[in-house]
Amino acid sequence: MHQMIAPTPPMGWNSWNTFYDQINEELVFEIADAMCELGLNALGYEYIIIDDCWQSRMRDVEGRLVADPEKFPHGMKYVADYVHEKGLKIGIYSCCGTRTCANYPGSFEHEFTDAKTFAQWGIDYLKYDNCHRPESLRTPELYHRMSMALRNSGRNILLAACQWGRDDVHRWIRSSGAHTFRSSIDITDSWNSIANIAWAQLENQAYNGPGCFNDMDMLVVGMHGISINPETNMGGCTDTEYQTHFALWCMMNSPLIIGCDIRQMSPETRKILCNKNLIAINQDPEVRGCYKVDVFQNPDAFILIRPLSGGDYAVGFFNFSDVAADISLHFWDMGLSYHSGVALSFYDCIEDEDLGVVEELLTKKVEAHGCKVFRCTIVEK
Ligand code: GLA
């Protein structure tokens with residue numbers, strides 16, 4: 001039977017944020033090894049995605065894309081085989097324009113050839129970018145094209161559309177056949193970038209669903225300003241900010257694509273990325289979007305609430321201000337009136353701690369740029 005691609009948000013690792021154009025076969029092998037040794041694969045991180053700069057500057061005489069022979073001396077099929085042997089999946093990158101963003105050959109007018117090539121190599125995921133695109137063509141046509149080419153390639157290949165949220169992408173992308181869609185300009189390793197993306201995408205929650213997800217861009221968790229990518233490296237964030245970043249991406253159904261060097265993760269970074277409670281929210285099979293509840297007299301704080309399969313609710317308290325704040329959830333704001341006869345039992349997903357049953361109101365102090373995420377079960381009073 002045909003297996004559905006991306007029933008829940010895809011999870012994996014991508015080379016761009018940290019390694020930029022400094023990618024090669026050994027790096028990919030070491031990352032694949034680390035994914036398994038650190039147990040990231042068991043948590044659901046399965047795609048190893050090679051971003052831009054893997055290509056040769058020219059196509060071959062048959063018009064096919066070729067891997068850079070210095071970076072990938074054995075070719076891409078060899079790399080894909082290694083990754084598959086580890087039980088992981090492999091992703092690659094191309095662009096709907098004539099050139100990629102880093103000026104390598106793009107797939108414009110080569111879509112069907114390239115999709116076939118990727119299928120022959122054993123590729124499972126294609127990130128498809130938006131640079132050097134003929135201005136006379138709208139993006140929907142170009143993404144429809146590659147989607148059809150992949151669907152005709154003979155292999156299940158996830159299409160990760162990356163056109164930065166242009167042309168109201170959320171309105172048409174699901175019907176293109178793509179599985180994820182970038183909705184913002186590139187994330188940078190800074191709190192402002194994280195906060196801006198999250199604010200902007202709160203109103204697009206209804207467009208997530210099995211088979212097609214709003215990609216809020218790759219995670220910067222754990223990068224701490226050590227990227228060699230000058231476009232991404234904005235000095236880094238605190239662990240509190242990275243924790244909030246991860247919690248937002250989980251609550252908001254974003255793909256979870258790690259961007260740090262997992263071979264050198266700090267214990268704090270590993271704890272953030274490996275939080276089973278938050279991953280379970282991100283991967284919840286019902287794939288509901290969350291809704292926002294305002295915090296009284298505090299425009300820099302908000303609460304996100306999301307129904308989960310099995311009757312539980314995920315509840316996130318987020319404080320975007322520069323000072324600590326008390327955040328209160330009045331249960332009537334999520335539909336529980338005083339007279340309902342029921343209360344909520346809270347589990348703190350970050351502290352991994354049962355908080356017991358609470359009636360009517362929960363107030364928590366949340367540090368600056370921090371968050372709290374709870375899993376709630378409805379119980380009789
Ligand atoms: C664009 C994308 C990035 C990255 C680079 C590669 O900027 O949005 O995520 O893939 O191109 O050149």
Side-chain angles (χ1 to χ4, degrees), residues 9-24 27-28 31 47-57 65 67-68 71-72 76 90-108 114 118 123-135 139 142-143 146 157-167 169-170 173 176 178-190 192-194 196-198 200-201 204 213-223 227-234 245 249 254-261:
M11 297 171 65
W13 175 92
N14 177 302
S15 58
W16 184 254
N17 275 358
T18 297
F19 296 97
Y20 197 46
D21 60 347
Q22 302 297 302
I23 48 175
N24 56 43
L27 172 71
V28 177
I31 293 288
Y47 290 99
I48 307 250
I49 303 152
I50 305 171
D51 210 283
D52 207 353
C53 309
W54 62 268
Q55 315 87 329
S56 289
R57 293 280 175 194
L65 290 170
D68 180 319
K71 293 174 179 166
F72 297 96
M76 278 301 171
I90 180 111
I92 211 164
Y93 165 102
S94 194
C95 184
C96 73
T98 52
R99 317 282 301 170
T100 71
C101 297
N103 218 21
Y104 291 86
S107 290
F108 181 64
D114 291 353
F118 298 147
I123 299 295
D124 306 296
Y125 176 118
L126 175 67
K127 174 170 173 179
Y128 202 47
D129 217 336
N130 194 40
C131 285
H132 302 288
R133 169 171 68 75
E135 278 307 318
T139 50
L142 295 172
Y143 286 82
M146 187 45 105
I157 302 182
L158 184 156
L159 175 56
C162 175
Q163 49 78 287
W164 320 312
R166 297 218 175 138
D167 299 326
V169 65
H170 50 279
I173 194 71
S176 77
H179 303 93
T180 65
F181 57 99
R182 276 276 303 279
S183 47
S184 66
I185 55 165
D186 289 4
I187 196 167
T188 63
D189 189 9
S190 69
N192 274 349
S193 170
I194 293 166
N196 287 341
I197 292 175
Q201 295 314 315
N204 288 334
F213 294 93
N214 182 338
D215 178 358
M216 292 161 56
D217 208 354
M218 299 164 289
L219 299 165
V220 292
V221 174
M223 290 178 60
S227 170
I228 57 163
N229 182 347
E231 291 159 28
T232 309
N233 193 347
M234 292 298 190
H245 168 33
W249 267 231
S254 178
L256 299 177
I257 308 294
I258 299 171
C260 71
D261 183 353

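The chain is numbered in sequence order, starting from 1. Start at 1 and go down the list; that is how both ligands and their atoms are numbered.
Closest non-hydrogen pair, Ala102 versus Asp52, comes out as N-OD2, 2.9 Å.
For Asp189, the salt bridge (Lys or Arg N to Asp or Glu O under 4.0 Å) criterion is met by no residue, not counting sequence neighbours.
Of the N and O atoms on the side chains of Asn204 and Asn214, not one donor lies less than 3.5 Å from an acceptor on the other residue.
Sorted by chain then number, the residues whose non-hydrogen atoms approach ligand 1 to under 4.0 Å are Trp16, Asp51, Asp52, Tyr93, Cys101, Ala102, Lys127, Asp129, Cys162, Trp164, Arg182, Asp186, Met218.
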message: Between Met146 and Phe108, does the side chain to side chain contact (heavy atoms under 4.5 Å, CB included) criterion hold? Intermediate values first, please.
response: CA-CA 9 Å; Met146 187 45 105; Phe108 181 64; over 6 Å; no
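Residue-environment remark: CD1 (Ile228) exceeds the threshold of 12 foreign heavy atoms within 6.0 Å.
Between Cys95 and Cys101 the SG-SG gap reaches or exceeds 2.5 angstrom.
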